[in-house]
2 protein chains.
Amino acid sequence: MSDSPSEPTTILGQLRWIAWAQRKAGEDWIRERELSHEQSFALGYLTQHPGTIQRELARVTRTSAASVSSLLQGLERRGLVERRTDPENERRKLVYATEAGSQLVAGFDTALVGIEDELLAPLDPAERAALHALLARITAQLPQPTRD
Amino acid sequence: MSDSPSEPTTILGQLRWIAWAQRKAGEDWIRERELSHEQSFALGYLTQHPGTIQRELARVTRTSAASVSSLLQGLERRGLVERRTDPENERRKLVYATEAGSQLVAGFDTALVGIEDELLAPLDPAERAALHALLARITAQLPQPTRD
DNA sequence: GGTTGACAGTTAGTCATCTAACACTTAGTC
DNA sequence: GACTAAGTGTTAGATGACTAACTGTCAACC
């Protein structure tokens with residue numbers, strides 16, 4: 001074996017590398033707004049899925065309930081999100097992005113699209129479709145921190 | 001726009017998901033040895049590349065010099081690695097896995113191969129090669145935390 | 001030969017995340 | 001109705017990683 005599987009010559013090494021590059025690419029955008037990566041992601045998600053409960057946020061961000069809890073505390077302290085107890089099930093808290101929160105992350109998704117577009121620049125549309133299809137085969141069998 | 005680019009329907013969402021799954025899959029193996037992910041990775045790398053300097057370790061792990069420093073402190077305290085100042089350049093420290101360190105991560109790379117194999121199970125060899133080629137096109141243009 | 005700037009690593013302080021334990025709510029069961 | 005188990009969220013403590021500032025070393029240049 002010429003190379004360790006931890007290195008970029010392996011498929012998983014490539015994946016981790018690209019994921020890392022994406023993270024780095026988004027950092028400027030995020031830092032301007034004084035948010036963390038996960039905060040931006042959560043806020044962006046909430047603008048598109050108002051009333052998400054915390055447990056689902058944990059699922060889509062693939063993190064823990066505890067992390068979501070403290071993450072939202074930070075956002076709430078800054079008035080960017082609002083938590084309301086679900087009247088129909090008082091265990092749950094429905095989370096909403098406030099007007100300020102929505103405005104702060106306005107353009108977040110377009111920024112992400114831009115980053116994706118830049119990273120995928122070497123591939124033409126047909127190749128992107130092929131890549132997407134291959135990856136879908138893999139994700140289809142993955143463990144389940146999925147959204148509904 | 002039917003979906004946020006943060007979600008698994010996008011290519012970058014898929015990548016992050018798979019990278020996350022890989023991490024989770026390795027956790028059992030790692031926890032048995034009371035190591036962190038980065039520690040395992042570094043120790044595995046050092047068994048295959050003895051005498052690596054810390055700055056290069058930071059590059060291949062795509063982290064900071066400070067993180068490598070404290071990471072190695074932990075490994076050195078447990079006698080798993082050894083740091084020797086490079087006699088030819090006293091700024092540098094050459095890092096070696098000790099015998100104990102090598103034995104501890106013996107099988108690390110085969111474990112990684114197993115994880116990769118499991119994740120890629122849905123793809124046949126030709127498809128894996130295609131995936132690898134597509135990803136290589138992307139990584140070829142990425143910013144440069146590369147090895148030599 | 002001293003000065004300057006780049007390179008290599010460490011330290012201190014901060015922040016985010018995780019795990020484990022806890023409190024509260026709901027639903028099922030006797 | 002009381003008991004039990006599962007679902008939801010929070011808190012506390014430990015860990016890990018980052019940024020910024022620092023020390024020490026090398027190389028280039030006048």
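Computation of the quantities below employed the complete heavy-atom set of this structure, encompassing side-chain atoms and omitting hydrogens, waters and symmetry-equivalent molecules. Please read all numbers here as calculations on a predicted model, not as lab measurements. In what follows, every chain begins at residue 1, and chains take the letters A, B, ... in the order their sequences are listed.
Atom CD of B:Glu118 has 12 or fewer heavy atoms from other residues, nucleotides or ligands within 6.0 Å.
One interatomic measurement links the two molecules: NZ of B:Lys24 to P of C:dT17, which rounds to 13 Å at whole-angstrom precision. A:Leu57 has its CG atom 16 Å from the C1' atom of D:dT10, to the nearest Å. Separating the NE2 atom of A:His37 from the P atom of C:dT17 is a distance of 11 Å, rounded to the nearest angstrom. For the pair A:Leu72 CG and D:dT8 C1', the interatomic distance rounds to 13 Å; values are reported in whole Å. Rounded to a whole Å, the CG atom of B:Leu75 is 11 Å from the P atom of D:dA17. Whole-Å rounding puts the A:Glu56 CD to D:dG9 P distance at 10 Å. The nearest whole Å value for the distance from the CD atom in B:Gln39 to the C1' atom in D:dA17 is 12 Å. Rounded to a whole Å, the CG atom of B:Leu35 is 14 Å from the C1' atom of D:dG16.
Between D:dT10 and A:Arg83, a contact under 4.0 Å exists linking OP1 or OP2 to a side-chain N or O. In this model, the phosphate group of D:dT10 is approached by a side-chain N or O of A:Gln54 to a distance below 4.0 Å at OP1 or OP2. Distances shorter than 4.0 Å separate some side-chain N or O of A:Gln73 from OP1 or OP2 on D:dT11.
In the model, A:Arg83 has a side-chain atom that pairs as donor or acceptor with a side-chain atom of A:Gln54 under 3.5 Å.
The side chain of A:Ile53 lies closest to D:dT8 when the candidates are D:dG16, D:dA20, D:dT8.
For the pair A:Leu71 and B:Ala65, both in contact range of DNA chain C, the more 5′-proximal nearest nucleotide belongs to B:Ala65. Comparing A:Arg55 and A:Arg31 against DNA chain D, the residue whose closest nucleotide sits nearer the 5' end is A:Arg55.
Judged by distance alone, with hydrogens and angles left aside, the side-chain atoms of B:Ser102 form no donor-acceptor pair with the main-chain N or O of B:Thr47 at under 3.5 Å.
Contacts of B:Ser70 with the nucleic acid, taken as non-hydrogen atoms under 4.0 Å apart, are absent.
Applying the salt bridge (charged side-chain N to carboxylate O under 4.0 Å, His left out) rule to pairs touching residues 84-104 of chain A yields A:Glu82-A:Arg84, sequence neighbours excluded. For residues 35-51 of chain B, there are no salt bridge (charged side-chain N to carboxylate O under 4.0 Å, His left out) pairs, not counting sequence neighbours.
Interface residues of residues 88-97 of chain B facing DNA chain D, ordered by number: B:Asn89, B:Glu90, B:Arg91; criterion, heavy-atom separation under 4.0 Å.
A salt bridge is defined here as a Lys NZ or Arg NE, NH1 or NH2 lying under 4.0 Å from an Asp or Glu carboxylate O, and A:Arg128 with A:Asp117 meets this definition.
Contact check for B:Leu57 versus B:Leu71: no side-chain heavy atoms found under the 4.5 Å cut-off.
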